[in-house]
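Chain A is the first sequence line, chain B the second, and so forth, proteins listed ahead of strands; every chain is numbered from 1.
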Number of protein chains: 4
Amino acid sequence: MPDKRERILAAAETLIAHGGFHGISMQLVAKHANVATGTIYRYFADKETLLRCVHEERLIEVSAAILQNVNTKEPSYEQFQKLWLNTMHYLQANPDSLCYRVQYEASPLFDREEERQRDERYFKPVFEFFEHGREAGLFRDMPAELLGFLALENLMLLSQKCTKGCIELDEHLYQQLLDASWNAILKR
Amino acid sequence: MPDKRERILAAAETLIAHGGFHGISMQLVAKHANVATGTIYRYFADKETLLRCVHEERLIEVSAAILQNVNTKEPSYEQFQKLWLNTMHYLQANPDSLCYRVQYEASPLFDREEERQRDERYFKPVFEFFEHGREAGLFRDMPAELLGFLALENLMLLSQKCTKGCIELDEHLYQQLLDASWNAILKR
Amino acid sequence: MPDKRERILAAAETLIAHGGFHGISMQLVAKHANVATGTIYRYFADKETLLRCVHEERLIEVSAAILQNVNTKEPSYEQFQKLWLNTMHYLQANPDSLCYRVQYEASPLFDREEERQRDERYFKPVFEFFEHGREAGLFRDMPAELLGFLALENLMLLSQKCTKGCIELDEHLYQQLLDASWNAILKR
Amino acid sequence: MPDKRERILAAAETLIAHGGFHGISMQLVAKHANVATGTIYRYFADKETLLRCVHEERLIEVSAAILQNVNTKEPSYEQFQKLWLNTMHYLQANPDSLCYRVQYEASPLFDREEERQRDERYFKPVFEFFEHGREAGLFRDMPAELLGFLALENLMLLSQKCTKGCIELDEHLYQQLLDASWNAILKR
DNA sequence: TATGAATGAGATTTCATTCAT
DNA sequence: AATGAATGAAATCTCATTCAT
């Protein structure tokens, strides 16, 4: 019954999303996943492992969402727009998703090398897009990660602010922000 | 001996920045602050209060650091540069400080209204700077908070990445990033 | 293993009876019950709940002991004697039991309405005995609870004094006390 | 300033009466007594000593109240009535007083020998009353303490029940109870 | 493989007591 | 004599993990 593993992951995701990195106990996860406490330990070595797996699952999901219909070989405004909007829509639809990530990255679970490998694995095409753009003389002369950061990653914080209700966005602002991101990375 | 209060605050900040919101126990804070566990409770009603106070103290410190020598009445590139560099230098010198903030904002302690009032209290001059720039037709037609966000707040995440060792910055990149921020908010 | 629940209850009762409401810590109860501290919380939500349960368990036990072989429909001296002796024997055999009750009733846990319902539930037959006796013109014209109180409840305090070693009783005094109780409630 | 000692005793009394044996901390007592925490320790060796002193103070007060206008040399119904009514009135006026005593007697502070000496010291005249009555062939052939117990001490529990609201008494019932007590100790 | 009762270390918080001023 | 800040042991309760069934 490998669907138990899925149920456990899903339960953990939901609980963290709603209650923060704090409000998660193995007992609670077990209850929500409708399995016995001990069962979790048949699929995950310990709590840390479980949290790492949730993190990885999310990264896979996020990267898939971001890259949808994007041709990363073609560093154009059109493709950038798709990337940006994909990111923004995903974040709007899954507001807790990166709220989780921020906490994960600041936690002792975070390991630089591991994270680098994960980024490499899942976000390679995204970095390639910026790489190509830079090589084509379109983007600033910066490492691809920095370009990606300037263009997309700050949306995480922004989206968090929206979720928390600090900022409200409309179509006009969307366009402005997209434009601002584009101008930030553009060479001049 | 009000310096005990300071030591407790500092210990809490450091511990959270390094170990995440998880890695903080009152006993550990006490140990790092070199006081007895019970002493914390003379200065802070409970753990939550302590965390909120750490947050507030840092906002005060940050806002003072950011605004140093900046004339917020004059929305010029020169003043912007000062703002940006102040921010960057502060973040480099106090890597824990905003690593803490990111986590605080993602935690259940965060309260929107409270935060709005704090921003109002401590960052008003910063917002005014962007307000003036927008009114002068220099900056994009966006709320001041969004301009501030685009220009400065993403430095928080960036600085976190540096601290974690994911990215390395040099003088050249500094200049590029400053330039990117300026271009992001500039009206065209 | 529901016998663990019993062991916890018994340990709590004994400890309170001997050391007062003070002398009870969850760890101590756990130790005496030969279980781990956390185990108590599988059976009782918190300390208050545990104490309330001890109280209720004992009431059940006491009422059963008191009413043994008593025909409460027949308000005679013979039946009264049985009631009285049952009570006295139970108290002698379980000195902790009501020493606990006295303290419980004097504590902030005590709730009037709850207690009334419990009395109603467990001691109804006892009250009926006195009711019948009063209706038959045998006992004083008082509420059944008061008659019961005069006849039986003061044995609680008396028994406590014996346990503490303040008073020593022998067969002769037993007879005297039984007689005194009977004369106290008798109409003349 | 020996009135500080009084203030501390009074504060302790009040707090225990209202919050039970639980709700009393030295800090709280100090606050209510309007002295510094450390000051308590100039007058009382430790918490236990303080509680013992409160107990003793109360015993003095109670015995004085009970014996008011009673001629203990004259074992008559008239004097008994005074004793009984004094007791009842005191208990009604100071409902917490013996609520405290019950808890004290069940606590580890209680020491049989000490208590015997205190009873000897403060309640000697009461016991003498019953002694005289027994020697005159009026009361049952029992130790004076038992007679006193039958006649007066159960009023403690009764009064507690009134305070808690379990029983309501009126003039008629008062008379009945007094009469019951009298009949309980009377020789026949 | 799955269960969930049991464990006990550890978290937060309180409070009796001390001691420098 | 008096203060009250500081202490740290101990209390309640939680929860990651284990293990007999």
**Asked** So, A/Arg121 and A/Glu56, do they make that salt bridge, N to O below 4.0 Å?
**Response**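 Salt bridge: yes.
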**Under 4.0 Å protein heavy-atom contact, by nucleotide of nucleotides 13-21 of chain E - B base, S sugar-phosphate only** = BBSBBB---
Euclidean distance, atom [atom1] of residue [X] to atom [atom2] of [N] [Å, nearest integer]:
X: C/Leu50; N: F/dC13; atom1: CG; atom2: C1'; result: 13 Å
X: A/Asn34; N: E/dA2; atom1: CG; atom2: C1'; result: 13 Å
X: B/Phe44; N: E/dT12; atom1: CZ; atom2: P; result: 15 Å
X: C/Lys31; N: E/dA9; atom1: NZ; atom2: P; result: 13 Å
X: C/Leu28; N: F/dA9; atom1: CG; atom2: C1'; result: 16 Å
X: B/Leu109; N: E/dT12; atom1: CG; atom2: C1'; result: 15 Å
X: D/Arg5; N: F/dA1; atom1: CZ; atom2: C1'; result: 16 Å
X: B/Ile8; N: E/dT12; atom1: CD1; atom2: C1'; result: 15 Å

**Message:** I'd like to know whether B/Thr39 forms a side chain to side chain contact (heavy atoms under 4.5 Å, CB included) with B/Lys4, so could you lay out the CA-CA distance, the side-chain angles of the two residues, the decisive distance to 0.1 Å, and finally the verdict.
**Reply:** CA-CA 9 Å; B/Thr39 305; B/Lys4 276 201 179 136; 4.3 Å; yes
**Request:** Could you go through the side chain to side chain contact (heavy atoms under 4.5 Å, CB included) check for A/Tyr122 and A/Val62 one step at a time?
**Result:** CA-CA 9 Å; A/Tyr122 303 119; A/Val62 175; over 6 Å; no
**Asked** Is the shortest heavy-atom distance from the side chain of D/Met26 to the side chain of D/Lys31 under 4.5 Å?
**Response**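 D/Met26 does not reach D/Lys31 side chain to side chain.
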**Asked** With a 4.5 Å limit on heavy-atom distance, are the side chains of A/Leu9 and A/Phe44 in contact?
**Response**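 Yes, close enough: below the 4.5 Å cut-off.
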**Message:** Let me check I have this right: for DNA chain E, each base becomes ., (, ), [, ] or |, based on Watson-Crick or G-U pairs with both distances under 3.5 Å. What is the full string?
**Reply:** .||||||||||||||||||||
**Asked** Counting distance only, does the side-chain N/O of C/Lys47 pair as donor-acceptor with the main-chain N or O of C/Ile24 below 3.5 Å?
**Response**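 Yes, C/Lys47 side chain to C/Ile24 backbone: donor-acceptor pair under 3.5 Å.
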**Item:** Any donor-acceptor N or O pair under 3.5 Å, side chains B/His55, B/Glu115
**Value:**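 On atom types as modelled, these side chains qualify, holding a pair under 3.5 Å.
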**Asked** Between D/Tyr104 and D/Arg52, does any side-chain donor sit less than 3.5 Å from a side-chain acceptor?
**Response**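 The criterion, which ignores hydrogens and geometry beyond distance, is satisfied for D/Arg52 and D/Tyr104.
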**Asked** For C/Arg112, does the CZ atom have more than 12 heavy-atom neighbours from other residues, nucleotides or ligands under 6.0 Å away?
**Response**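 No, because the 6.0 Å sphere around CZ of C/Arg112 holds 12 heavy atoms or fewer from other groups.
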